[in-house]
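Okay, so here's the structure we're looking at.
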Amino acid sequence: MENIKLTPKRKEIIERMHFHSIIEILRYYPYRYDIYRNESLSMAKHQQKVSIIGVICSNVKIERITKGRMKTSFKINSNDNLVNVIMFNRFTNSKFLFEGARIALIGKYNAFRNELTVSNFKMDVNSQEVKFIPIYSLPSDIKDSTYRSLINYIYQMALEYHLLSNTIPDEFMRKYKLVSFEQAINFIHNPDSDEKLKQAYRYLKYEEFLSFCILGALKRDLYSLSIDQKNKKIDYDIIKNFISTLPFKLTNDQKIVLKEILDDISSNKVMSRLLQGDVGSGKTIVALIALIANYTAHFQGAIMAPTDILARQHYQSIKKFLKDFPNIKITLLVSDMTSKEKNQILKDVANNNVDIVIGTHALIQDSVRYYNLGLAIIDEQHRFGVKQRVALKEKGQQIDVLYMSATPIPRTLASTIYMDMDVSTIENYPYANREIKTFFVNENEITKIEKKIKEYLLTKQKIYVVCPSIEESSLEISNVIEIASQWQKKFIDYHIGVMHGKLTNEEKTSIMAKFINNEIQILVSTTVIEVGINVFDANMIIIYNAERFGLAQIHQLRGRIARDGQVGYCYLLSDSQEVDVQERLEFISQNNNGFKISEYDLKRRGAGDMLGLAQSGKSPFRIANLIDDFNILLVASKDAKYIIANKNKYPKIINNTIKILEESEKYVD
Ligand code: ADP
Ligand code: MG
């Protein structure tokens, strides 16, 4: 990077975009293209996005329609069709628009009025040509054209310094007839035909999946121990006995995943398994039975939750389940305990006076020494980083690990992308008819639903109210404190509690306790209540600024309600007028299945928080899409397995992937 000459302006752009290398710049792909071509309007549907090329055949009329809003209109002759064209604001007084000028247009077609509302146009395109203009996501003051010329220059530099050698082994290049990396990069930034763009996508998508799959397989190598003698003998009688004390029958899915887990525990391989199932699908009891199995094999177990509140809740429910099994000694370990308490617990854990520890990340701190940790269960695995995995591994020699996720993805997809884990899936709820009625209210206020809320409160049940932020300064964001006081004025007969991340754990616990004991009926909160909280008679949730939440997150949030077979009511409030947002919120109002929701999310937004990569904040896929490109993923996954099994044959891609892995660990805390 130091070696190349850059004008101050280009240098500034590169700095502002936080690019550190030529490759990084070239890896920042366009997120879409404006494609100018001569399409026929006779095929176009109403409101479809189209592009036409033609000659302006009327005078160009400019008028002011409202204050500050200008409209330009004219007729164009495109393939002997006359079309009305309108443009707003942006192109007023363009010197390129005059009767007789040949232009290419992109816009939305109104079939009833035979009218095109133009979003962009271009001069130098002839009617046989197709012109692709790459569109990048850029800060608003960096001009597209400036950026494109920077890219072209950087690409030339990359060629000069020979930086674009193929990243995919020759054998697979040939097998799939891929264009070279050099071409792929050129075509993605500068396609001049659909075919070239397609070739660029083929290379880059396959490359992305291949590298992702190799990474997954390498992680498995790195974190899992393969030992010859694990020697865990489970006493199945005790387990059967325990199951018979449960107030319910295990569902079929629970039985199946339990068998998979117990088989792992008693095998010679160390378990690295993901248990995925929708919120409320009953993962906790499966986890507990696994812990009991591990106990019967004379090992200690631990269950780790992402927050204090959740850890306490797990502790309470496990204590209840185990009330007839006093021999199994359990303890809670969280950060806000007196050091005297903590020291005693640490001693007990080290001396094997404790069989199951329930806690937060405190469980893997250096100070915690286990007598013989044999099973660790990580609730909400996506919050668990690489470093924590390493720390966990250092706690013992034979630690089976079970990760749990309430953001399930379809089975075939899961087994393909989680290469570092085996996957067990609970697909069906214990309550098949679990009912959460979700309503999208296109307004960020409760005026419309106030009556419903009052009626609901009369049934003596409680309400969660969720807001996205607590910063009082930001005006558009409703904050908990303000919302709480609004609610207090409307619902004077009820007690309102406020909960957010800035409270101490003690304060949070005390508020939760009040909510459970009915000293508080309405809990206004940030997303600290997101995961796992279980308050039996809170069956309504109201989410402000719902557009700010991911669908998976909304689904988690509403998973708090309608527990144990009751009807739940979820209201999503948003005054957003964006079509995209409205579509998403409509979708989640009509779909209650976690798998469907994650699929929709994956399709629309990429992989994001689903893949345990939330901590790096980045989706591993810049260009590929897990749903649309699933076939490429399958091929890449197979090839990755082959490459890993024949490491010596493929040093380059293996080394590159190790580098990526090391890079990613640097940023995980
Ligand atoms: P999650 O998968 O979200 O962690 P939980 O384990 O908290 O779900 O289970 C949700 C509720 O369903 C709990 O109250 C739990 O006791 C109950 N439950 C679990 N399994 C069954 C079952 N087989 N039949 C009836 N209720 C069950
Ligand atoms: Mg749970």
Side-chain angles (χ1 to χ4, degrees), residues 239-240 242-261 273-292 303-307 309-324 356 358 360 377-384 402-409 414 423-436 461-462 464 512 516 527 529-539 541 552-568 570 592-595 597-598 610:
I239 291 176
K240 277 190 196 126
F242 171 75
I243 292 174
S244 72
T245 68
L246 291 176
F248 46 73
K249 275 209 173 70
L250 294 182
T251 63
N252 241 350
D253 281 3
Q254 282 173 322
K255 285 184 198 156
I256 293 169
V257 300
L258 197 56
K259 180 166 188 316
E260 289 167 346
I261 293 166
R273 184 173 283 278
L274 173 69
L275 171 59
Q276 56 161 6
D278 212 341
V279 220
S281 62
K283 297 183 293 293
T284 313
I285 192 66
V286 173
L288 177 57
I289 296 171
L291 285 165
I292 295 172
I303 178 161
M304 203 177 327
T307 64
I309 297 183
L310 257 180
R312 283 172 199 279
Q313 192 171 287
H314 275 319
Y315 177 72
Q316 292 306 334
S317 63
I318 287 175
K319 199 160 98 179
K320 226 193 274 164
F321 279 127
L322 285 178
K323 66 180 185 309
D324 299 331
I356 298 173
I358 299 143
T360 55
I377 296 183
I378 319 284
D379 201 6
E380 307 303 336
Q381 55 93 24
H382 61 283
R383 303 187 177 207
F384 199 69
L402 181 69
Y403 301 94
M404 298 203 288
S405 163
T407 316
I409 60 177
V423 182
S424 292
T425 304
I426 302 182
E427 246 155 57
N428 298 308
Y429 292 95
Y431 303 98
N433 54 358
R434 183 176 194 220
E435 197 179 356
I436 301 177
Q461 298 184 82
K462 301 161 196 163
Y464 296 106
M512 268 332 275
I516 292 166
T527 48
I529 62 149
E530 181 184 345
V531 277
I533 297 295
N534 210 348
V535 179
F536 177 73
D537 55 355
N539 284 304
I541 187 164
Q553 208 180 2
I554 291 178
H555 189 59
Q556 283 264 341
L557 283 166
R558 72 180 172 185
R560 306 297 115 241
I561 58 169
R563 296 231 152 196
D564 301 310
Q566 306 184 70
V567 180
C570 168
N592 227 338
N593 178 311
F595 292 91
I597 289 162
S598 60
M610 247 146 255

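Numbering of ligands and ligand atoms starts at 1, following listing order. These figures come from a predicted structure and were not determined experimentally.
- Proximity of a side-chain donor or acceptor of Lys283 to a complementary backbone N or O of Ala406 within less than 3.5 Å is not detected.
- Applying the salt bridge (Lys or Arg N to Asp or Glu O under 4.0 Å) rule to Arg273 yields the partners Glu260, Asp264; only residues at least two apart in sequence or on another chain are considered.
- The closest approach between any non-hydrogen atom of Ser281 and ligand 1 is below 4.0 Å.
- Those atoms of ligand 1 with a heavy atom of Gly282 less than 4.0 angstrom away are 1 (P), 2 (O), 5 (P), 6 (O), 8 (O), 9 (O), 19 (C).
- The shortest separation from a heavy atom of Gly277 to ligand 1 is not under 4.0 Å, leaving the residue out of contact.
- A donor-acceptor contact shorter than 3.5 Å links the side chain of Ser598 to the backbone of Pro408.
- Residue Val279 has no nitrogen or oxygen atom sitting less than 3.5 Å from a nitrogen or oxygen atom of ligand 1, judged on distance alone.
- Using a 4.0 Å cut-off between heavy atoms, Thr251 contacts ligand 1 through both its backbone and its side chain.
- Heavy atoms of Leu246 come nearer than 4.0 angstrom to ligand 1 in no pair at all.
- When each atom of ligand 1 is checked for a heavy atom of Leu250 under 4.0 Å away, the hits are 23 (N).
- Looking at heavy atoms from C-beta onward, Leu288 lies out of side-chain contact with Ile303 at the 4.5 angstrom threshold.
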Quick one: do Gln566 and Gln461 satisfy side chain to side chain contact (heavy atoms under 4.5 Å, CB included)? Show the steps, please. CA-CA 11 Å; Gln566 306 184 70; Gln461 298 184 82; 3.7 Å; yes
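- Applying the salt bridge (Lys or Arg N to Asp or Glu O under 4.0 Å) test to Lys259 and every residue at least two apart in sequence or in another chain returns Asp263.
- Considering backbone and side-chain N/O atoms, Ile285 never comes within less than 3.5 Å of an N/O atom of ligand 1.
- Formation of a donor-acceptor pair under 3.5 Å by the Asn539 side chain with backbone atoms of Ile561 is not found in this model.
- Every atom of ligand 1 with a heavy atom of Gly280 under 4.0 Å away is listed here by number and element: 1 (P), 2 (O), 3 (O), 8 (O), 10 (C).
- In this comparison of Asn252, Asp253, Thr284, the heavy atom closest to atom 5 (P) of ligand 1 sits on Thr284.
- When side chains are defined from C-beta on, Thr245 does not count as touching Phe321, because their heavy atoms never get closer than 4.5 Å.
- Of the listed options Lys283, Gln556, Gln313, Lys283 places a heavy atom closest to atom 2 (O) of ligand 1.
- When heavy-atom distances to ligand 1 are checked against a 4.0 Å cut-off, Asp278 comes that close only through its backbone atoms N, CA, C and O.
- Without hydrogens or angle criteria, Glu427 side chain to Asp253 main chain gives no donor-acceptor distance under 3.5 Å.
- Contacts of Lys249 with ligand 1, taken as heavy-atom pairs under 4.0 Å, involve the backbone alone.
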